Every structure is written in C-alpha cells, then in structure tokens.
Amino acid sequence: MNDNEAMEPHTETREASAAPDPELDVCSEHFNPLRALYEPNYKITDVPPKVLYQNLAAFESALKKFGVWQLNKRQKSGTSAGPGQADQKSSLPCTSKTVMVLEEAPQRRFEPHQMPMVSTVNKKHQRNIFTYMETTVGPLELLKKCIVSPALENNSKFRVRVVIRKEREIGGRVEGELVAYDKQWNLLLRNATETWKRRKYNFGEQKLCGAPVDCSARLRDLGIVLPTVEVKSLNRKNVQVKRDLPQVLIRGENVVLISLID
C-alpha cells in the first residue's frame with residue numbers, strides 16, 4: 001500500500017469534517033434548531049447572516065409579513081434587468097420588503113407634556129422714567145410735547161416756565177428746557193434760569209446763625225464753581241435775584257404751575 005493511497009482517506013475525512021452540516025448552519029434554509037440544541041460542542045457559524053434586524057420589534061414585524069421560511073432568502077432578480085444589475089440584485093442580503101422594514105427607524109411618540117422644554121430668555125419688565133414718560137396719560141401727557149429732542153436742541157419754543165412756592169407764598173420761577181418728569185411732578189430742567197425775590201439785608205430780620213462767611217475760595221479749591229448771581233433792586237425794600245443753572249431738579253411738592261414759553 002502506497003503512502004499516497006494512505007493519505008487519501010485522511011484528506012477525505014478532513015474535507016468532510018470541514019464541510020458544514022446544512023442542518024446545523026444558522027444561515028442555511030435547512031437549519032434544524034432542535035438538532036442544534038442537542039448537538040454536543042455545537043459552534044455557531046462565523047458566516048455573517050443574510051439579514052440583520054435592528055431590534056426585536058423589526059424581527060417580529062418581518063416574521064408576521066413574510067413567515068419564518070422567507071426571512072433569510074435573497075432578493076430575486078427582475079426579468080428586465082441586465083446581467084450586471086441581475087448580479088447586483090442577486091448579491092443583496094435580503095428582499096426589498098425586508099429592506100423597507102430595516103430602513104424604518106423606530107420613532108418614539110411623545111405626549112406634548114413629554115416634549116423637551118424650549119428655553120426662553122428671562123426678560124424682566126424694565127420700568128424706568130423713560131418707559132413711564134412714553135405711556136403717560138392725562139395732564140402729564142401734555143409734558144411730552146415740551147421735552148427737548150436732540151434734533152431741535154437749540155429751539156427756544158420748548159422752554160417751560162415753572163412757578164415754585166415757599167412755605168406761605170410764591171417763591172419764584174424757573175425757566176429752562178424740560179428733560180424728564182415723573183408721576184410725582186418731579187422735573188429735570190437744563191440750561192435753566194432761576195429768578196426769585198427777596199428783601200434787602202437792611203430791612204427785615206435775617207435768620208442767620210452767626211456772621212456770614214464767604215466760602216467761594218474753599219469751593220473753588222474743591223473744583224466746585226458756583227453760578228453767578230445777579231441782583232437787581234426793585235424798590236426800597238426788595239431785590240430780584242437771578243442766576244443761570246446748567247441743570248436743576250425741582251421737587252414736585254414745590255411746583256405750583258407749569259407753562260410753555262412762547
């Protein structure tokens with residue numbers, strides 16, 4: 001007996017053992033799960049399956065549509081397709097209907113209260129003097145016409161005259177350009193001229209604490225410049241005092257009358 005003849009049965013047994021049994025092949029149409037369950041040392045094949053399902057729901061829907069024997073079958077090529085297209089279609093791992101099942105992405109259906117919240121910018125209601133002036137109604141609404149606009153800054157027709165009071169009588173008047181106001185009739189004027197009347201120092205009792213002291217030099221050192229005061233004699237007992245102010249704030253409790261200067 002030759003050595004070649006002795007080697008032939010060994011090669012045949014190796015080839016037989018290497019060939020997979022179709023009943024134990026998971027990808028085969030003749031797969032027998034009961035035999036695979038009782039087969040000792042059973043090893044799952046390394047060949048990739050023809051169809052891969054994303055989840056159990058996709059597998060159940062395909063099982064209901066095609067049945068257990070049509071799940072792993074390849075797509076049949078069409079009669080009108082060319083040779084190249086037929087080869088391409090025959091190489092597809094699954095049928096067209098199964099492809100549609102695989103392409104359907106699972107969608108979760110949320111209720112409106114389960115949807116993600118839309119972020120909103122926390123904008124607080126900003127209410128200030130400027131927003132109040134825009135929404136004023138009544139007598140204060142007429143003051144909006146007297147406010148100086150930047151386009152007509154040098155126009156003198158927007159100057160107003162405010163009559164102010166003292167404890168028991170009229171204290172004087174202030175003329176200027178109205179900048180802002182509020183609901184308490186507090187007024188902010190600029191380029192104002194204040195005029196009031198007082199008695200001469202020689203007449204009447206002067207309610208002063210001690211002798212008057214000139215503080216202009218000390219204020220000048222601090223960088224404070226006092227407005228120039230003009231004094232004009234009206235009669236034997238009274239004088240008129242006038243001074244120019246770049247800005248002045250008049251409290252609403254001192255306001256008697258507001259009028260527009262022609």
Side-chain angles (χ1 to χ4, degrees), residues 123-262:
K123 293 183 179 180
K124 295 184 179 180
H125 179 65
Q126 297 181 356
R127 183 174 178 84
N128 48 36
I129 185 74
F130 300 103
T131 57
Y132 174 78
M133 289 191 297
E134 294 176 358
T135 58
T136 50
V137 294
L140 287 173
E141 187 178 1
L142 300 176
L143 292 180
K144 288 194 297 185
K145 302 178 181 179
C146 303
I147 295 178
V148 178
S149 61
L152 302 174
E153 186 174 358
N154 297 326
N155 200 335
S156 61
K157 74 174 185 178
F158 289 94
R159 293 180 66 86
V160 295
R161 179 184 292 115
V162 182
V163 179
I164 57 179
R165 66 178 180 89
K166 295 193 295 185
E167 295 180 358
R168 299 179 181 178
E169 59 183 359
I170 299 298
R173 66 180 185 271
V174 180
E175 299 178 0
E177 300 172 355
L178 181 63
V179 178
Y181 62 91
D182 60 1
K183 61 182 180 180
Q184 283 84 17
W185 292 87
N186 298 322
L187 306 176
L188 177 61
L189 304 179
R190 69 178 182 184
N191 299 330
T193 301
E194 183 183 7
T195 306
W196 74 96
K197 183 176 66 172
R198 64 170 175 81
R199 292 177 66 86
K200 292 182 179 180
Y201 291 126
N202 296 333
F203 297 90
E205 181 182 0
Q206 304 296 325
K207 299 180 181 180
L208 300 175
C209 297
V213 180
D214 188 9
C215 301
S216 58
R218 181 181 177 185
L219 294 176
R220 195 180 300 110
D221 295 339
L222 297 175
I224 301 175
V225 179
L226 296 176
T228 304
V229 179
E230 299 178 3
V231 181
K232 179 181 178 182
S233 177
L234 297 178
N235 48 41
R236 190 169 59 94
K237 295 183 179 181
N238 300 321
V239 295
Q240 180 179 350
V241 183
K242 183 177 180 181
R243 62 178 180 175
D244 295 331
L245 303 173
Q247 286 186 355
V248 60
L249 177 63
I250 304 175
R251 295 193 60 178
E253 62 182 4
N254 296 329
V255 175
V256 178
L257 177 68
I258 302 176
S259 60
L260 184 64
I261 301 176
D262 295 336

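Note that the coordinates shown come from a computational prediction; the quantities given were computed from them, not determined experimentally.
Taking a 6.0 Å sphere around NZ of K144, one finds it holds more than 12 heavy atoms contributed by other residues, nucleotides or ligands.
The CZ atom of R198 sits 15.5 Å away from atom NZ of K237, with the distance rounded to the nearest 0.5 Å. With rounding to the nearest 0.5 Å, the separation of CD in E253 from CZ in R165 is 7.0 Å. Separating the CZ atom in R199 from the CG atom in N238 is a distance of 6.0 Å, to the nearest 0.5 Å. Taking CG from L189 and SG from C146, the interatomic distance works out to 10.5 Å, rounded to the nearest 0.5 Å. Interatomic distance, OG1 of T136 versus NZ of K183, reported as 12.5 Å (0.5 Å rounding). To the nearest 0.5 Å, atom NZ of residue K197 and atom OG1 of residue T195 are 12.5 Å apart.
Residues L140 and D182 are not in side-chain contact: their nearest non-hydrogen atoms beyond the backbone lie 4.5 Å or more apart. At least one side-chain heavy atom of W185 sits under 4.5 Å from a side-chain heavy atom of I258. Using a 4.5 Å cut-off on side-chain heavy atoms (C-beta onward), R159 and T193 make contact. In this structure the side chain of L249 never reaches within 4.5 angstrom of the side chain of L187, judged on heavy atoms. A heavy-atom distance below 4.5 Å is found between the side chains of E194 and L245.
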Side chain to side chain donor-acceptor pair (under 3.5 Å) between S233 and K200, worked out: CA-CA 9 Å; S233 177; K200 292 182 179 180; 3.3 Å; yes
Derivation and outcome, side-chain contact (heavy atoms from CB on, under 4.5 Å), residues V256 and I170: CA-CA 8 Å; V256 178; I170 299 298; 4.2 Å; yes
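Screening I147, L188, I250, N186 against Y181 for a side-chain contact (heavy atoms from CB on, under 4.5 Å) leaves a single residue, I147. Results of the side-chain contact (heavy atoms from CB on, under 4.5 Å) test with L260 over V160, L178, L142, L143 single out V160 as the only residue that passes.
Between K232 and E230, no side-chain nitrogen of the basic residue sits less than 4.0 Å from a carboxylate oxygen of the acidic one, so the salt-bridge criterion is not met.
Across every non-hydrogen atom of M133 and A180, the tightest pair is SD-CA, 3.7 Å. Scanning all heavy atoms of the two residues, the minimum distance from G171 to K166 falls at CA-CG, 3.4 Å.
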